[in-house]
Structures are given as C-alpha cells and as structure tokens.
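Heavy-atom basis, side chains included; hydrogens, waters and symmetry copies ignored. As the structure lists them, so they are numbered: ligands from 1, and atoms in each ligand from 1. Residue numbers count from 1 along this sequence.
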Amino acid sequence: MSEPARTRKPDLTKGLDKVQKFGTILLPHEADEPILAAGPRLAIYEWLTELRSRAELESVGLKPRATALLYGPPGTGKTTLAHHLAARLGLALVTVQAERLMTPQFGGSSNNIGELFDGLAEAEHGCVLLLDEIDSIGSVRLSDDSSAGRERNMVLTTLLTRVEAFRGMAIAATNRKDQLDPALWRRFGMQISVDLPDGEERFAILNRYAAPFDFGEDGLDILTDLTQGASPALLRQLMEGLKRALVLHPRLGLNIDDVAVVFRAITSAVAPHPDLPQPPLWKAFGTHAGQIRKIPWPPARAPKGRP
Ligand SMILES: Nc1ncnc2c1ncn2[C@@H]1O[C@H](COP(=O)(O)OP(=O)(O)OP(=O)(O)O)[C@@H](O)[C@H]1O
Ligand SMILES: [Mg+2]
C-alpha cells in the first residue's frame, strides 16, 4: 500500500535531472555534522539564522547572504560542512567539481556553466550548490591576450555573472586560496576559513570516530598530542584503521596485544596529505613508541546497540 500523500517526504531531486551530468546530489539524511573550531561554527550558525530571518532582515533593507566561500587545507570538512548546511535547511546539495565544467573547446566551458545554472533553476524544491575546487576555474585572471587567456577570463566572467543571478545558495570551496582571482573572492557574501583542528577539536574528532570503542580521557589526550597537524580526514582514517584492526586482526591470527605494533601497522598504511604537516605519530617510530604504550589498551567497547 502506498503511503498517504500527506506524510510523504518531498522528492528533493525533482527537477535536478539536467545537473546530474555535472555533479552529485547529496540528500539531507546522509549528512554528518563536522566538528569545527568556534570561528567557522559561529559563522555557520549566524548564516543559518540569517536565512531563517528573511522578513526581519528585509524590514531593515537587508537580504540574507546567498553565497559563501569555504577555504582551508584538504580534508578539513569543507564538503561535509556544505552538506550539513544544506541538510539543516532541508535541501539537497548539488556538488560539482569545478574542473568538470571545463572543456578544451572554445566556448564549451561557458556553455557548461550556463547549462548547470539553467538546470539548477529547475529544482522543484530549491537546492544548495557546492562548487568544489573552485580554484580550477577561478584562478588569477590571465593578463596576456592569448586565446587561452581570453577563454579563461570569459569563463570566469560567466561564472561570476551566473553565481550572482542564482536564486539559490551557492557555496564554493578551495584549498588554494592564494590562487583565486580577487574578483571572485570578493563576490562571495562570506569567506569562511575551515582550518586544521586544534587540540580541543582533535580530541572530539578522535572520540567521535573511536566509537563504539572508548579510549578514555588519558588515551585520547595522548592521541591528541601525537596527531598535532593532522586533518580531520586523517584522524578519521586513523581511528577507522584502529577499529578495523581491533575487530579483524584476531580473526587473521594477528596479535593485537602490543599497542605500538598495531599503531605502526596503521600509520604505515595511511599517510598525511603531502601538502600538510607530518604529525608526530607519523615520524620515526622510536620517537613516540613510549607514549603510545601509555594508552590504556585494549580500549573498552560499548555494549552492542549502544553507540
Ligand atoms: N571537521 C570535521 N569533523 C568531523 N569529521 C570530519 C571533519 N572534516 C572532515 N571530516 C571527515 O573527513 C572526510 C573528508 O572530509 P571533507 O571531504 O568534508 O573534507 P574537505 O575539506 O572537503 O576536503 P577536500 O579539500 O579534499 O575537498 C569526511 O569523511 C568527513 O567525515
Ligand atoms: Mg571537499
């Protein structure tokens, strides 16, 4: 029997067929909330409040800002944050790798941008656009008069015009802030820095991805120290590697009694991004083995059914 229409959730992908060739549609129920520093957390909270207070803002001659640029190192949660924000607004997130809009044919990239924004305008329930790796389009304008330079500048102008005219919310993300054309940088209503996590955030991120294992405060403190400079993405990989080892190594006949050996196996299979600092845990094994052996081991596991 079909569900009564009144309780049926709206199909947030309705009308978005034409944008599927450029990107991926992420739905609210798949979103995670990123663990952020106070700065970006407050910026997002303010933005959400602003978007929900249209009438009050209009009464003083303002409109909610519709665009934001997220910048920061790889794996710090820019995509996760855009998805979370769209989910909080109950909207689908259309993520487009800016590179996918680029073609070598003259005029082709501008046509793609036009097609993308025309497609987005057909979203029946609205949507949020994430233009990821915007630096691949919006890098500093070429001043030379070559045809490549003219083409690139035309693409950028088309993008700026379409972002401005877009009736939904557009978020762009980059981890190469210094490559962006200043004109593009300025056109976004907000520029939000999403940086590498400090100690407090690393502790919370490690704890989140450790669940259902509990490393205790002492264990997490040690891991927080040893992961200085790590991105959230790397912290997630580390903790997921640990959980995999705790569950599977005994099955494979591998010993998990020595915590330092387990860590060594994981950190040799998961490497920090080449553009980011190398956290102490990834430096010569002898330098931190003593600290690792202080982690209460093996970690306790929450009973089944409890996170
Ligand atoms: N701040 C965070 N809190 C919790 N988890 C995070 C956070 N940031 C990233 N992650 C996790 O790390 C992974 C990568 O994150 P994400 O793709 O959002 O990073 P990004 O900044 O968009 O990276 P890139 O610059 O490479 O596009 C995701 O699986 C996400 O769950
Ligand atoms: Mg991303």
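- Under the 4.0 Å criterion applied to side-chain N and carboxylate O atoms, Glu58 and Lys63 are not assigned as salt-bridge partners.
- The shortest side-chain heavy-atom distance between Asn207 and Leu220 falls under the 4.5 Å cut-off.
- Counting only distances under 2.8 Å, and ignoring water, the protein N, O or S atoms around the Mg ion (ligand 2) are Thr79 OG1.
- Checked against salt bridge (Lys or Arg N to Asp or Glu O under 4.0 Å), Glu124 has the following partners two or more places apart in sequence or in another chain: Lys14.
- Annotation: ligand 1 has protein neighbours Pro34, Ile35, Pro74, Gly75, Thr76, Gly77, Lys78, Thr79, Thr80, Asn175, Arg208, Tyr209, Pro232, Ala233, Arg236, each with a heavy atom less than 4.0 angstrom from the ligand.
- Inter-residue side-chain proximity for Asn112 and Thr103 is flagged as met; some heavy-atom pair is nearer than 4.5 Å.
- Partners of Arg236 under the salt bridge (Lys or Arg N to Asp or Glu O under 4.0 Å) rule, at least two apart in sequence or in another chain, are Glu240.
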Do Glu115 and Lys21 pass the salt bridge (charged side-chain N to carboxylate O under 4.0 Å, His left out) test, and can you show the C-alpha distance, the side-chain angles, and the key distance before you say yes or no?
CA-CA 10 Å; Glu115 214 182 302; Lys21 73 178 209 198; 2.6 Å; yes

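- With hydrogens and angles left out, the side-chain atoms of Thr13 and Asp11 include a donor and acceptor closer than 3.5 Å.
- Between the side chains of Asp132 and Thr79, at least one donor N or O sits under 3.5 Å from an acceptor N or O.
- For the 3.5 Å distance criterion, the side chains of Thr174 and Asp135 qualify, holding a donor opposite an acceptor.
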